[in-house]
A.B. asks: 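Here it is: the structure, laid out below.
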Amino acid sequence: MTAAANRRDRNTTTSDQEGTAQEMTTALQQTGGGGGASGGLADVIDSILDKGLVLDAYVSVSIVGIELVTINARVVIASVDTYLRFAEATNRLDLSSQKGAGMPELVGDTTKGVAKGKTRGVLDAVGEKVSDALHDKREEFERREPSRRRKGE
Amino acid sequence: MAEARAEAQSPEEDKDTVCYVYGIVPADVATDERARGVGDSPVETVMQGKIAALVSLIPHDTMLGQAEDLVAHERLLDLAAAETPVLPFRFGSVMSSEHAVRDELLAPYHDEFLSALSEFEGRREFVVHARYVEETILREVLTENEEAARLHERIRAQGEEADQQDLVALGELIFNAIAAKREADSHTVAEAIAPLSVSIAPRDPRNEDDAVNIAFLVGIDHEQEFRAAVEEIAENWTNRVGLRLLGPLAPYDFATSRTTPEE
């Protein structure tokens, strides 16, 4: 990973070791231990697909439509499946408390501090889960082919 | 350097390439020649007056949207945001050439972009995203919600024979109870951190077990306090929510387009 842009007058560099923004979480990441479908790619999707400046608001003529694979906006929708999942999780709750399982082993590392390598390790693991989770979502991918417009055409 | 290269290229514009736009930065930003954007392309700047666009020249038939393209777009903007104000463009913004970027995007809106950049000078975006720890939150709901507790007991008594309708009803109660908790907990976080931030933008919940998903624009002077406040919340909620702090990010949630197009 390389620094994208350094301001000349500030003479700063972003080295590989410093990691990307996604990786720059702290021990916060580990306190809950929930993990699951959140991490690199899911966060990226949240940020760049429907946020930020829209070119069309400024330019009309020389915008170029390129083939874009987009992902449908993911909205939390209440469904019977979701309800059943919660109900089943509640049932499992009893089993685990009878066995005295309590909090899962994920919490084990919480006390080990803020070491960046550690955090990155955790994040990497999360990242993999995310891509698995997203894999399913990709079935909802839509192919969008905006009209191709070029200046002078 | 990069902008000089762009100048040199322009007379013989390549019709087979188009110009992917990541965002707009102050003109005194230099791109690292090792920086890579979408499609593993090099990143350049197109300068105009006091502003510059971060761009990549890519083949016109590039198909974008693979995971690595999405990540490359954001990574570039976030790395830039760590150093300088940046106005991020939505993923997939492409113009016909560097000329077009300069003459039709940067030049006409130079002052507008410059003033927007000055708004973000010394301010960066962070996102607080938290998810409930399932076991904790389910126990909380069962303790607080009598109806859920009753249903849960009945389902347990029935064991394998549990009525599907009871299961769905219980799940719905839990779903709604968690939604109410999400709302309350989001308010708690927003109120606790708002004084340390310039602006707040709630994000839509991403999962049904999301607790908090809020973007904050934070002045660099307050970042330490901000981080400490988030850390404190995380500690208070240990074993109840898994909390992540993302950032510094480009101000995706705060940079908004003019509402009316020119035409």
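The chains referred to below are lettered A, B, ... by the order of the sequence lines, with proteins before strands, and numbering in each begins at 1. Computed from a predicted model, the values in this text were never measured in an experiment. Computed over heavy atoms, backbone and side chain alike; hydrogens, waters and symmetry mates excluded.
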A.B. asks: Output the option from B:Leu170, B:Val127, B:Ile155, B:Val168 having the highest count of non-hydrogen pairs under 4.5 Å with chain A.
C.D. replies: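 Looking at each option in turn, the highest pair count goes to B:Val168.
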A.B. asks: Minimum heavy-atom separation for B:Ala67 to A:Leu41, with atom names?
C.D. replies: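 Looking at all heavy atoms of both residues, the closest pair is CB-CD2, 3.6 Å.
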A.B. asks: Counting only non-hydrogen atoms closer than 4.5 Å, does B:Asn213 touch chain A with its backbone (N, CA, C, O), its side chain (CB onward), both, or neither?
C.D. replies: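 Interface part for B:Asn213: side chain.
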A.B. asks: Highest number of heavy-atom pairs under 4.5 Å with chain A: which of B:Leu173, B:Leu87, B:Val94, B:Asp210?
C.D. replies: B:Val94
A.B. asks: Nearest 0.5 Å, what's the CD1-CZ distance between A:Ile48 and B:Arg75?
C.D. replies: 11.5 Å
A.B. asks: With a 4.0 Å cut-off on N to O distance, would you call A:Arg85 and B:Glu134 a salt bridge?
C.D. replies: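 Yes, this pair counts.
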A.B. asks: Could you go step by step and tell me if A:Asp46 and B:Arg206 meet the side chain to side chain contact (heavy atoms under 4.5 Å, CB included) rule?
C.D. replies: CA-CA 8 Å; A:Asp46 268 9; B:Arg206 186 195 291 160; 3.0 Å; yes
A.B. asks: Passes side chain to side chain contact (heavy atoms under 4.5 Å, CB included), A:Phe86 versus B:Val141? Steps please.
C.D. replies: CA-CA 11 Å; A:Phe86 274 130; B:Val141 171; over 6 Å; no
A.B. asks: Give, for atom CG of B:Leu246 and atom CG of A:Asp43, the distance between the pair rounded to the nearest 0.5 Å.
C.D. replies: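 The distance works out to 4.5 Å.
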A.B. asks: Below 4.5 Å, heavy-atom pairs only: which of B:Tyr22, B:Phe113, B:Phe126, B:Phe254 has the largest tally toward chain A?
C.D. replies: B:Phe113
A.B. asks: Quick check for you: to the nearest 0.5 Å, what is the distance between A:Ser47 atom OG and B:Asp78 atom CG?
C.D. replies: 7.0 Å
A.B. asks: Please find the pair of heavy atoms, one from A:Val54 and one from B:Ser257, that lie closest to each other, and give the distance.
C.D. replies: N-OG, 2.7 Å
A.B. asks: Could you tell me if the side chain of A:Thr82 sits less than 4.5 Å from the side chain of B:Glu172, heavy atoms only?
C.D. replies: no
A.B. asks: First locate atom CZ of B:Arg156, then atom OG1 of A:Thr90, and finally report the distance between them rounded to the nearest 0.5 Å.
C.D. replies: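 B:Arg156 CZ to A:Thr90 OG1: 11.5 Å, rounded to 0.5 Å.
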A.B. asks: Counting distance only, does the side-chain N/O of A:Tyr58 pair as donor-acceptor with the main-chain N or O of B:Tyr109 below 3.5 Å?
C.D. replies: no
A.B. asks: Working to the nearest 0.5 Å, report the span between CG of A:Asp56 and OG of B:Ser93.
C.D. replies: 8.0 Å
A.B. asks: Quick check on the interface: out of B:Arg90, B:Arg203, B:Gln164, who has the most heavy-atom pairs with chain A under 4.5 Å?
C.D. replies: B:Arg90
A.B. asks: Measuring from atom CG of A:Leu93 to atom OG1 of B:Thr136, what distance do you get when rounded to the nearest 0.5 angstrom?
C.D. replies: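 Here the rounded value is 9.0 Å.
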A.B. asks: Side chains of A:Ser62 and B:Glu104 only: does a donor on one sit below 3.5 Å from an acceptor on the other?
C.D. replies: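 Yes, because at least one side-chain N or O of A:Ser62 sits under 3.5 Å from a partner of the opposite role on B:Glu104.
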A.B. asks: Checking B:Thr62 against chain A: side chain, backbone, both or neither under 4.5 Å from a heavy atom?
C.D. replies: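 Just its backbone gets close to chain A.
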